[in-house]
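Numbers restart at 1 for each chain; the letters A, B, ... are given by sequence-line order, proteins then strands. Remember, it's a predicted structure, so these values are computed and weren't measured experimentally. Just so you know, these numbers use all the heavy atoms, side chains as well, and skip hydrogens, waters and symmetry mates.
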Amino acid sequence: MNKFSLNNLTVGEKGIVQNIATSSSHIRQRLLEMGLTKGTKVEIVRYAPMGDPIEIAIRGYRLSLRRLEAESVFVEKDPQ
Amino acid sequence: MFREKVELSTRYIAIIGNPNAGKTTLFNALTGLRQKVGNYPGVTVEKKEGKIIFSDGCSATLLDLPGTYSLTANSPDEKVATDVLLGRTNHTPPPNFVICVVDASNLERNLYLVSQIIDYHIPVVIALNMIDVAEKSGMTISSKKLGDELGVRVIATIASKKIGVDELKKIMQSNVTASLKARQWSLPKVVKEECDELQTMLQGTQHLSEADAFHEAIQLLTSPTALSEHLDRYAPELLEHVKKDHERLDILGIDRQSVFVESRYEWIKHVCEASREIKSQSFETTSDKIDKVLTHKIFGFVIFLALMAMMFQAIFSWANAPMEWIGEGFNELEKNVTALMPPGDIRDLTVNGALAGVGAVVTFLPQIFFLFLFLGLLEDTGYMARAAFIMDRLMSKVGLHGKSFIPMLSSFACAIPGIMATRTIENRKDRLVTMLVSPLVSCSARLPVYVLMIAAFIPQQKVLGIFSLPGLTLVSMYLLGLFAALIFAWIFKKTLLKSDAPVFIMELPPYKLPSLKTIIMHTWERSYLFLKRAGTFILGVSIVLWFLATYPKTERATPAEQLQQSFAGQAGRLIEPVIKPLGFNWKIGIGLIGSLLQREVFVSTMGTIYNIKDSDTQFSNLSLRQKMHDDIDPHTGVPTFTILTAICLMVYYVLAMQCMSTVAVMHRETNSWRWPIFQISYMTALAYGTTFVVYRIGLLLTA
Ligand SMILES: Nc1nc2c(ncn2[C@@H]2O[C@H](COP(=O)(O)OP(=O)(O)OP(=O)(O)O)[C@@H](O)[C@H]2O)c(=O)[nH]1
Ligand SMILES: [Mg+2]
């Protein structure tokens with residue numbers, strides 16, 4: 001089972017959230033509550049013009065977050 | 001029957017929900033008020049009250065709240081909402097029941113909050129809003145089935161079209177109860193055991209209600225810091241127990257934080273499956289297509305700049321014609337009043353004091369109108385959130401994030417909503433930095449000053465064939481303010497208010513056709529406020545100024561000399577030594593003193609003093625800008641204004657803090673005098689220093 005950081009997926013790639021590994025429990029709580037829980041499908045929609053932040057599609061809505069935060073979200077690649 | 005009626009009339013009903021779910025739109029539809037709505041998260045940052053009157057004549061108080069994603073408040077605006085909901089404030093009683101607005105097109109995440117509300121046993125009805133958007137994206141949601149699953153009443157609504165509002169009203173009149181289906185989500189067995197045990201302990205030792213104890217138990221089990229934070233609140237045995245729980249769950253490899261959130265979302269998934277049907281899922285939405293262009297690597301910025309340029313174009317060129325009509329209208333009025341009234345002080349007061357002062361300000365109504373119209377369009381289409389998305393990287397260079405960009409854009413209208421909008425920023429220090437620099441962004445009150453100066457002194461020339469020099473000057477002033485704001489944000493972030501790079505986690509709502517009616521309404525409201533201020537505050541100041549500029553009367557003096565001898569002239573000359581290094585004389589000094597209250601006063605002051613000064617030369621039909629342009633000191637032969645003075649004056653207005661209302665809001669929001677005083681000091685020093693340098697360089701260049 002290959003785990004990737006969300007930050008390493010390219011535009012259009014999909015993944016399934018495995019875990020969030022950030023030291024800040026505050027950020028972790030927020031990301032979880034926004035729906036990034038284990039088993040959730042995410043897709044990278046686009047990068048901002050200067051490459052950061054990124055926009056992801058999750059649970060039917062769009063969320064933007066910085067690469068720094070995306071780095072701590074680990075996903076398994078969804079082949080389809 | 002009677003008792004019931006009394007009860008109903010003292011009812012307190014709160015509207016809660018995720019950001020951008022349509023709470024304020026629904027609030028407006030229910031109360032007939034016109035609170036601000038916009039298509040980005042974080043429009044409402046304060047609680048707003050309104051009255052709702054039912055068909056039988058009963059009424060209740062309705063409360064609109066800022067949006068929140070959960071009851072674990074992360075930012076000041078979310079805290080406002082959760083505090084009211086959980087009855088933690090002294091100012092408002094706990095609501096009798098709440099209307100939870102749920103965005104149907106974003107059901108899962110919205111239900112997270114619903115599940116927390118139900119767990120608190122708070123009586124609730126659900127307004128399943130934006131069903132039109134949900135349907136368009138290929139989903140059908142049965143409100144009946146959703147209601148059965150949640151154990152509460154669910155009403156489908158389209159708040160922006162007032163659909164479902166009457167039905168909602170009917171339910172609000174009846175008895176709203178808490179759901180009996182609280183805590184239907186299931187935790188893993190071990191976690192549940194520990195949670196239940198802890199809850200019982202908390203109920204016993206801390207005398208918490210069952211619901212509070214349950215949430216406190218989750219807090220204690222989840223958070224690694226909860227223990228150290230609450231050392232003084234809990235009995236040592238309890239803390240010891242929690243520590244053991246932590247150890248036990250950690251050994252089992254259970255993620256104590258995510259297990260609670262995941263379990264809720266598991267249940268939500270089941271609720272959605274039971275009540276929602278997804279017919280088709282369009283591969284690429286319209287919003288995506290628009291975003292491909294608007295957030296494109298290159299076009300993104302080009303379009304952003306083009307939009308800004310268009311705004312200034314509108315303000316400068318399109319507003320010019322109506323501005324002249326208003327100016328001519330006032331001139332006619334002054335002429336007629338002059339002809340009608342017998343000569344004397346009363347006539348002078350009316351014409352030179354009241355009419356000239358108010359007229360000078362009111363002529364800028366078209367500019368104000370266009371500015372608000374444009375900002376309204378940006379806000380209601382959903383572009384605001386994209387602007388934050390595009391600008392985040394740039395903002396991160398000064399240590400802030402994209403969310404700080406929204407208050408700055410709002411500050412184009414007025415620093416007060418700008419400062420209020422910082423409530424969406426989680427980190428206290430970042431919020432403070434944004435508040436400190438927001439008033440550097442040019443607000444609508446500076447606009448009349450800029451336009452007056454530019455129209456009078458900047459020659460109509462084309463630059464590079466397409467840009468007009470006056471337009472470019474105006475844009476430069478706005479850019480100067482924006483850059484100063486960014487630079488000072490960076491400085492404050494590095495020195496006074498050091499903190500880590502902030503997190504940026506923001507929802508991007510789909511684009512929407514703006515509701516022209518709402519925008520025009522809002523624009524009109526702001527324009528009306530501007531007019532009202534001109535008719536009250538500016539009128540008062542103009543009348544006072546007329547007295548100060550007319551008395552004491554000197555025998556056999558020309559009006560120009562008379563002005564110089566007057567109280568206002570004396571005051572102007574008193575501060576002249578201080579402002580002389582900036583190239584300003586005593587006449588400008590009078591304007592600067594007036595502007596300490598409010599920036600537009602400069603314009604009305606000029607209107608009044610130039611009318612008084614020229615009152616010997618018959619009635620001149622010259623516009624204010626012409627009079628200012630032609631003004632020459634009779635003794636020295638030096639003109640009061642040159643291009644250089646005009647530029648210096650604008651630079652000073654860009655950077656100086658001349659707004660008492662902003663000071664008051666800073667005081668309220670920071671709950672101290674330290675920060676507003678600091679803000680006045682640094683901005684004044686900055687304005688003075690920069691203007692001085694510009695003036696010196698200008699003198700060298702023109703020598
Ligand atoms: N299509 C559609 N749009 C809606 C509906 N209800 C509200 N809107 C729009 O959705 C946007 C957000 O509405 P608001 O009322 O400002 O949302 P809010 O929940 O108060 O947002 P915050 O104050 O930021 O938490 C606005 O552009 C509304 O015009 C609806 O039922 N259908
Ligand atoms: Mg709102």
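- When heavy atoms are compared at a cutoff of 4.5 Å, A:Leu36 does not approach chain B at all.
- In terms of heavy-atom pairs under 4.5 angstrom with chain B, the leader among A:Gly39, A:Ser24, A:Pro53 is A:Pro53.
- Proximity to chain A (any heavy atom under 4.5 Å) is shown, for B:Glu507, by both the backbone and the side chain.
- For A:Tyr47 against B:Phe389, the heavy-atom pair with the smallest separation is C-CZ, 4.2 Å.
- Contact annotation for B:Leu394: both backbone and side-chain heavy atoms come within less than 4.5 Å of a heavy atom of chain A.
- At a 4.5 Å heavy-atom cutoff, the contact between B:Asn106 and chain A is made by side-chain atoms alone.
- Your options are A:Gly51, A:Ser64, A:Gly35, and the one with the most heavy-atom pairs under 4.5 Å with chain B is A:Ser64.
- Within the cation-pi definition used here (under 6.0 Å to the ring centroid, within 45° of the axis), A:Arg59 qualifies as a partner of B:Tyr265.
- Within a 6.0 Å radius of NZ in B:Lys429, other residues, nucleotides and ligands contribute more than 12 heavy atoms.
- The shortest side-chain heavy-atom distance between B:Ile505 and A:Ile27 falls under the 4.5 Å cut-off.
- Taking all atoms of both residues into account, the shortest heavy-atom contact from B:Ser396 to A:Arg66 is CB-NH2, 3.4 Å.
- Contact of the A:Arg62 side chain with the B:Asp291 side chain is not registered, since no non-hydrogen atoms from C-beta on lie closer than 4.5 Å.
- For A:Arg30 and B:Glu78, the salt-bridge test passes: some basic side-chain N is under 4.0 Å from an acidic carboxylate O.
- Of the N and O atoms on the side chains of B:Ser70 and A:Glu33, at least one donor lies less than 3.5 Å from an acceptor on the other residue.
- Geometrically, B:Arg109 engages A:Tyr61 in a cation-pi contact defined by less than 6.0 Å to the ring centre and at most 45° from the axis.
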- Task: Could you please spell out the steps behind the side chain to side chain contact (heavy atoms under 4.5 Å, CB included) verdict for A:Arg46 and B:Lys292?
- Result: CA-CA 9 Å; A:Arg46 65 175 55 83; B:Lys292 273 211 168 130; 4.2 Å; yes
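- With hydrogens and angles disregarded, a donor-acceptor distance shorter than 3.5 Å links the side chain of B:Gln257 to the backbone of A:Ser25.
- Contact count versus chain B (heavy atoms, under 4.5 Å) is highest, among A:Thr40, A:Leu32, A:Asn19, for A:Leu32.
- Heavy atoms closer than 4.5 Å to chain A are found in the side chain of B:Phe301, but not in its backbone.
- The choice from B:Phe299, B:Phe260, B:Tyr69 that makes the most heavy-atom pairs within less than 4.5 Å of chain A is B:Tyr69.
- With values rounded to the nearest 0.5 angstrom, B:Ile268 atom CD1 is found 9.0 Å from A:Thr37 atom OG1.
- Contacts of B:Tyr112 with chain A are made by side-chain atoms alone, with heavy-atom separations under 4.5 Å and no backbone atom involved.
- Atom CG of B:Asp288 and atom CD of A:Glu55 lie 7.0 Å apart (nearest 0.5 Å).
- Inter-residue side-chain proximity for A:Arg28 and B:Asp255 is flagged as met; some heavy-atom pair is nearer than 4.5 Å.
- At a 4.5 Å heavy-atom cutoff, the contact between A:Gln29 and chain B is made by backbone and side-chain atoms alike.
- For A:Lys38, the NZ atom counts as loosely surrounded, since its 6.0 Å shell holds 12 or fewer non-hydrogen atoms of other residues, nucleotides or ligands.
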